[in-house]
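Sequence lines set the chain letters: A, B, ... in the order given, protein chains first and strands last, and positions in each chain run from 1.
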There are 2 protein chains.
Amino acid sequence: MNRGMTAKGLATRQRIVVAAALLIREKGAAETTLDDVRAATSTSKSQLFHYFPDGRIDMLVAVARHEADQVLEAQRPYLDELTTWESWQAWRKAVLRHYGELGRRCPLGSLISELGKSSPEARTIVSDLFATWEAALLRGTGTLLSDRGAAVGCARSVLAAVQGGVVLLQMTDRVDYLEAALTSAIEPMRSGAAAR
Amino acid sequence: MNRGMTAKGLATRQRIVVAAALLIREKGAAETTLDDVRAATSTSKSQLFHYFPDGRIDMLVAVARHEADQVLEAQRPYLDELTTWESWQAWRKAVLRHYGELGRRCPLGSLISELGKSSPEARTIVSDLFATWEAALLRGTGTLLSDRGAAVGCARSVLAAVQGGVVLLQMTDRVDYLEAALTSAIEPMRSGAAAR
DNA sequence: GAAAGATTGGACCCGCAAGTCCAGAATCAG
DNA sequence: CTGATTCTGGACTTGCGGGTCCAATCTTTC
């Protein structure tokens with residue numbers, strides 16, 4: 001790592017990623033040009049290509065990686081403590097609040113839809129994200145549900161509920177779907193907790 | 001309607017929409033250029049702008065409308081007959097088969113992500129789609145669940161389950177999520193049917 | 001059958017945004 | 001200190017793709 005990169009350089013690079021992420025949240029990846037990023041960061045074209053040798057795509061991948069981290073970060077610390085029914089409810093509430101605030105903006109959405117075809121790396125980022133996300137959920141369902149198969153299925157349907165709820169939130173501006181989907185998806189955990 | 005448009009003209013227009021939809025399914029909206037469409041349909045630039053006066057966006061909206069219809073079409077006739085537990089299972093199976101075949105291609109996804117900001121009309125198309133979809137589901141849940149609130153919530157969470165499952169299918173190439181999400185989302189219908 | 005309007009062909013324009021290049025300033029290593 | 005390397009500025013090139021235009025045909029209508 002750090003293949004010949006000064007602390008200053010690293011800072012600049014990070015500055016670019018963060019600023020680009022912000023721009024993309026607002027306008028979407030497709031309408032965010034290198035010139036926008038350049039202007040927002042007070043940098044020059046050459047710096048953009050210095051830190052992201054493969055150009056635009058390279059930069060978008062970096063932003064995607066950054067945003068993927070944020071997704072999990074927004075669910076902490078709840079995501080790692082899903083051992084009781086109460087903690088599931090707390091997590092649900094955190095998710096609702098977070099995506100409610102985000103509203104229509106989807107940090108990863110536009111990014112992936114632009115990178116998806118050209119960059120297999122981007123796909124990896126997302127599937128890794130989902131994998132660790134699912135694993136965390138599974139740790140929770142596993143402790144509350146004695147049947148292994150049920151725990152796996154439940155973790156998956158919870159994950160799907162979040163995704164679906166968010167999609168519908170973005171399209172309709174209503175959180176009702178996310179609320180309903182989460183409620184019904186974590187329902188098995190209530191009786192699971194009671195049975196322990 | 002048909003504001004001065006010959007049958008021939010209408011046919012050409014339709015040919016363009018269908019061909020464009022195909023191209024977009026394969027390459028995504030962003031990478032589909034007017035020239036691609038022109039080539040695929042053996043038409044000329046002027047025809048494209050003749051039938052879609054506002055240009056590219058106009059055409060994409062037409063394609064989106066077309067694709068939105070297909071979404072519901074793929075679920076027929078099951079979607080309109082969700083009155084028994086067996087019919088829900090049949091519907092579930094149809095949905096799984098359809099999206100399994102589609103695989104990574106998402107007809108509306110790239111379209112919306114490109115049109116979303118610029119064209120409010122596109123947003124309308126999607127929210128209308130979801131509205132009629134939800135209404136159909138609600139007719140089903142309403143007949144099987146006596147509690148109105150439960151029926152509404154269930155319809156919403158089923159819809160979210162489909163969306164989430166499809167998102168995950170596209171990202172991970174695995175139908176497991178869609179399967180799990182659907183199974184658990186329509187679960188209340190089983191006991192509902194038994195209780196009748 | 002002739003005017004009016006719809007349909008088609010394709011050359012052309014033009015702006016935008018990605019990417020290149022080189023020279024100069026800052027920083028580091030020894 | 002000094003040579004090497006990294007960092008920065010910004011002008012320039014380039015190609016792609018949306019959009020314009022006009023003239024040539026085909027259709028409809030009366």
What are the two closest non-hydrogen atoms of Gln170(B) and Arg123(A), and how far apart are they? O-NH2, 2.8 Å
Between Ala7(B) and Ala30(B), the residue closer to the 5' end of DNA chain D by nearest nucleotide is Ala30(B)
Whole-Å distance separating the CG atom of Asp36(A) from the P atom of dC16(C): 12 Å
Measure across Leu115(A) and Ala64(A) and return the closest heavy-atom pair with its distance rounded to 0.1 Å. CD1-CB, 4.5 Å
Under 4.0 Å from OP1 or OP2 of dT8(D): is there any side-chain N or O of Thr43(A) that close? no
Find the distance Lys8(B):NZ to dG5(C):C1' and express it as a whole number of Å. 13 Å
Spell out yes or no: do the side chain of Thr33(B) and the base of dG17(D) have one donor N/O and one acceptor N/O closer than 3.5 Å? no
Gln47(B) has an atom CD; how far is it from atom C1' of dC26(D), in whole Å? 12 Å
What is the distance, rounded to the nearest whole Å, between atom CZ of Arg38(A) and atom P of dA17(C)? 12 Å
How close or far is atom P of dG19(C) from atom OH of Tyr51(A), stated in whole angstroms? 19 Å
State, with a plain yes or no, whether a side-chain heavy atom of Met189(A) is found less than 4.5 Å away from one of Thr141(A). yes
When the distance from CZ of Phe49(A) to P of dC12(D) is rounded to whole Å, what number comes out? 18 Å
Do Lys45(A) and dG9(D) share a donor-acceptor pair, side chain to base, under 3.5 Å? no
side-chain N/O Ser46(A) vs dT20(C) OP1/OP2, d < 4.0 Å: no
To the side chain of Thr6(A), which of dT20(D), dT6(D), dG19(C) is closest? dT6(D)
When rounded to whole Å, the CG to P distance for the pair Asp35(A) and dG10(D) reads 12 Å
The side chain of Leu34(B) lies closest to which of these nucleotides: dG18(D), dT8(D), dG10(C)? dG18(D)
In whole angstrom, give the distance that lies between atom CG of Leu10(B) and atom P of dT28(D). 13 Å
Does Trp85(B) have its ring centroid less than 6.0 Å away from the ring centroid of Trp88(B)? no
Salt bridge check, Glu179(B) against Arg156(A): does any charged N sit closer than 4.0 Å to a carboxylate O? no
